Amino acid sequence: MSESSEATPVTFAMLVEALDGCGQAVGFALAGALNTAGTNRSRILVIAESLQTLSLDGRFPGPAGHCMGGIVGGMQSFLMAGEKEEGAPLV
C-alpha cells in the first residue's frame, strides 16, 4: 500500500484490504496466544472451524463477515506455519 495522509481519499478496495489485514493479524495472534497458553493445536483448529462455520452461515453480515474470514485465515496460517510445542512462545 502506498503512503497516505488524512487527505487521501479512501476507496472500497482500501477498506477491504484493511479488513483483510486486520482480521488475519487478529486470527494469527489469537491462535498464537492460545498455543502459548497451552491449548492443544487440535482445539485451535476446532475453534477456527467453528468460527468459519458461523461465518459461512451468515452470522457475521457485511464487513464483519469479511473480517471474520480474515480471522479464520489468520488462525489457519498459524496452524500451517509449522508445529510448535504446546505452550511454546510464538517467537
Side-chain angles (χ1 to χ4, degrees):
M1 184 182 262
S2 62
E3 287 295 315
S4 59
S5 69
E6 289 192 25
T8 304
V10 177
T11 66
F12 180 75
M14 292 166 74
L15 291 174
V16 169
E17 184 179 353
L19 281 172
D20 281 343
C22 183
Q24 290 175 6
V26 167
F28 194 91
L30 173 61
L34 289 168
N35 183 71
T36 301
T39 304
N40 184 294
R41 293 175 72 80
S42 64
R43 290 290 285 159
I44 296 171
L45 179 60
V46 168
I47 293 167
E49 289 172 343
S50 176
L51 293 174
Q52 183 175 35
T53 299
L54 289 172
S55 185
L56 292 174
D57 285 349
R59 302 292 176 98
F60 306 102
H66 194 81
C67 187
M68 185 56 68
I71 291 171
V72 170
M75 293 180 80
Q76 291 171 339
S77 291
F78 176 85
L79 292 169
M80 291 187 299
E83 288 295 318
K84 306 275 189 276
E85 288 184 33
E86 190 172 306
L90 194 55
V91 290

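We count residues from 1, following the sequence as given. The model shown is predicted, which means the values in this text are computed figures rather than measured ones. Scope of the values below: all heavy atoms of this structure, side chains included, with no hydrogens, waters or symmetry mates.
No side-chain heavy atom of Met68 sits less than 4.5 Å from a side-chain heavy atom of Leu54. Between Leu45 and Arg41 there is no side-chain heavy-atom pair separated by less than 4.5 Å.
Rounded to the nearest 0.5 Å, atoms SG (Cys67) and CD (Gln24) are 10.0 Å apart. Atom CG in Leu30 sits 10.0 Å away from atom CZ in Phe78 (nearest 0.5 Å). The distance from the CG atom of Asn35 to the CG atom of Leu79 is 8.5 Å, given to the nearest 0.5 Å.
Clustering ILVMFWY residues whenever any of their side-chain heavy atoms sit less than 4.5 angstrom apart, transitively, puts Ile71 in a cluster other than the one holding Leu19.
Residues Ile44 and Ala31 approach most closely at CD1-O, 3.6 Å, considering heavy atoms.
For residues 51-69, the set of pairs meeting the side chain to side chain donor-acceptor pair (under 3.5 Å) definition, not counting sequence neighbours, comprises Asp20-His66.
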